[in-house]
Amino acid sequence: MLKLASSNYILEYRADFPILRDGVHYLDTASSAQKPRAVIDAMTDLMETQYANIHRGLYKFSQETTTAYEAVRSKVAAFLNAPSENEIVFTRNTTEAINLVAQSWGRTFLKEGDEIILTEMEHHANIVPWQLLCDQIGIVIKTIPVLEAGTLDLDTYQTLLSERTKLVGVVHISNALGAINPARQIIQTAKAHNPEIITLIDGSQSAVHGPVDLQELGCDFFVCTGHKLYGPTGIGVLWGRYDLLDAMPPYQGGGDMIEAVTFDQTTYKAPPARFEAGTPAITEVIGLGAAIDYLTGIGMDEIAAHEKNLLDEAMTALNEIDGLTFYGTGQQKAGIISFAADWAHSSDIAMILDQCGVYVRSGHHCCMPLMQRFGIDGTIRASFGLYSNSEDIKALVEGLHKAGKMLA
Ligand SMILES: Cc1ncc(COP(=O)(O)O)c(C=O)c1O
């Protein structure tokens, strides 16, 4: 069991990430994770030894690459404890997965006046696709308010549910606050109100920071994105209940998603192929598979425990610095720390941290409504990954002291 951030255990894993050289303090994993050698090698190896387009060729390279590609679908299903690999749709990222649900499921099954419930802390990726539907068919968006501690106002949530509610969409772990939302409770509340309400969980952060069990969670759609999962960019995952996917029309049309095409009529394949038009991100899927193998080898519980240790260690140190306000101070929290200083603007501080080799994110974190809720234009966000360690926290604290001397 992993206990100490400074243990050999973690040093061992940090060495798997070639980019994390001495003096690099990467604290922006919530934005995108760095890649272990295993992922880089798996992608290079595919391209050097057997790369070919999939699902089409009768020759060895194509067949082997098809098998490897489809094996990753099963790996993702097992990683998320999804009932079937046929419910795993590969998309470009979380953003595309949510747009797929909005445009395919939403445009088919929602009508003017139908209501969906989101939270005030959603990433723009789980807001804007639904706003497009407001313009296209006149649905109504309601939002669960965020309380001062960065937790959800679940009493108000109860009052938002109505006979018009068709979907509840919630971020599992807030990328801007680190708050771990009670997704299971939120889903159960929706289903108790009306079992027909569809629930969508944005797992972009939760799939990375700890174990996810879709069957326990009980949602209808779940989305996540490969580049935060220590895999490559350009690959994301939509999981959907098979009966829902089966009832949904294609999101895009093209090769590989059809059964037969004539100019009179085209018929489509069953899910998941129906939703994977065109040549997919083959090399990236292989990279995602390697990332999942890598994470499974370490254990998601271990990663969660490690990040929790780092969070506690960092909060103790940061609380010693004058003039910082923290956002997202609830009990249930992942390794993401958001704060602002009363002595300088977040972006000025982030620029000084950069000079110290400390890479944090500053700004609205694609959560502008959340920033408006707190009456701020942005925060500094330090986020941990499995490779983060006490040295990173020390460098952050020293960098903040330096910034304080220069800017205060
Ligand atoms: C909670 C959350 N949702 C959605 C996204 C969007 O992910 P992507 O840009 O990979 O589509 C992110 C990425 O920052 C996120 O943190």
Side-chain angles (χ1 to χ4, degrees), residues 26-35 39 76 80 89-103 118-132 143-144 146 150-152 168-183 186 199-210 212 217 219 221-239 251 275 281 284-285 287-288 291 307 327-328 332-338 359-371 373 378-385:
Y26 186 73
L27 290 172
D28 198 18
T29 298
S31 174
S32 203
Q34 296 298 349
K35 319 304 171 197
V39 168
V76 173
L80 299 174
V89 178
F90 289 127
T91 61
R92 204 158 49 88
N93 46 30
T94 285
T95 303
E96 189 177 59
I98 298 177
N99 276 280
L100 192 166
V101 175
Q103 288 301 313
L118 306 174
T119 80
E120 230 176 0
M121 66 169 84
E122 292 312 303
H123 187 283
H124 298 162
N126 198 27
I127 299 174
V128 185
W130 302 108
Q131 288 177 323
L132 294 176
T143 51
I144 306 174
V146 170
T151 53
L152 292 173
V168 175
V170 175
V171 66
H172 204 170
I173 296 182
S174 160
N175 61 303
L177 301 173
I180 303 174
N181 288 322
I186 291 169
T199 53
L200 180 148
I201 299 300
D202 177 353
S204 303
Q205 299 293 336
S206 62
V208 182
H209 291 293
V212 167
L217 206 51
C219 57
F221 291 113
F222 182 92
V223 294
C224 58
T225 196
H227 66 97
K228 293 185 205 286
L229 263 170
Y230 304 89
T233 51
I235 180 67
V237 170
L238 164 65
W239 171 81
Y251 169 55
F275 302 105
E284 289 72 15
V285 165
L288 176 65
E307 291 181 11
Y327 297 91
Q332 301 301 318
K333 202 169 150 61
I336 296 173
I337 303 174
S338 224
Y359 303 147
V360 296
R361 178 81 171 264
S362 65
H364 53 65
H365 316 298
C366 296
C367 292
M368 289 176 97
L370 181 67
M371 298 299 131
R373 147 73 183 87
T379 69
I380 297 169
R381 182 186 68 187
S383 55
F384 304 122

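Each ligand, and each atom within it, is numbered from 1 in the order the structure gives.
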Rounded to the nearest 0.5 Å, what separation is found between the CG atom of Asp28 and the CD atom of Gln34? 9.0 Å

For Arg361, the salt bridge (Lys or Arg N to Asp or Glu O under 4.0 Å) test, sequence neighbours excluded, returns none

Classify the angle between the aromatic ring planes of Tyr359 and Tyr26 as parallel (below 30°), tilted (30 to 60°) or perpendicular (above 60°). perpendicular

Option among Val146, Leu370, Leu177, Ile337 that satisfies the side chain to side chain contact (heavy atoms under 4.5 Å, CB included) test with Tyr327: Leu177

Could you walk me through whether Val237 and Thr91 satisfy the side-chain contact (heavy atoms from CB on, under 4.5 Å) test, starting with their C-alpha distance in whole Å, then the side-chain angles of each, then the deciding distance to 0.1 Å, before giving a yes or no? CA-CA 6 Å; Val237 170; Thr91 61; 5.7 Å; no

Closest approach of Gly234 to Ala281 (non-hydrogen atoms, all atoms of both residues): O-CB, 3.5 Å

Mind listing the N or O contacts between ligand 1 and protein, cut-off under 3.5 Å?
residue: ligand 1; atom: 3 (N); partner: Asp202; partner atom: OD1; Å: 3.4
residue: ligand 1; atom: 3 (N); partner: Asp202; partner atom: OD2; Å: 2.6
residue: ligand 1; atom: 3 (N); partner: Ser204; partner atom: OG; Å: 3.3
residue: ligand 1; atom: 10 (O); partner: Thr225; partner atom: OG1; Å: 2.7
residue: ligand 1; atom: 10 (O); partner: His227; partner atom: NE2; Å: 2.7
residue: ligand 1; atom: 11 (O); partner: Thr94; partner atom: N; Å: 3.3
residue: ligand 1; atom: 11 (O); partner: Thr95; partner atom: N; Å: 2.8
residue: ligand 1; atom: 11 (O); partner: Thr95; partner atom: OG1; Å: 2.5
residue: ligand 1; atom: 14 (O); partner: His123; partner atom: NE2; Å: 3.2
residue: ligand 1; atom: 14 (O); partner: Lys228; partner atom: NZ; Å: 2.5
residue: ligand 1; atom: 16 (O); partner: Gln205; partner atom: NE2; Å: 2.8

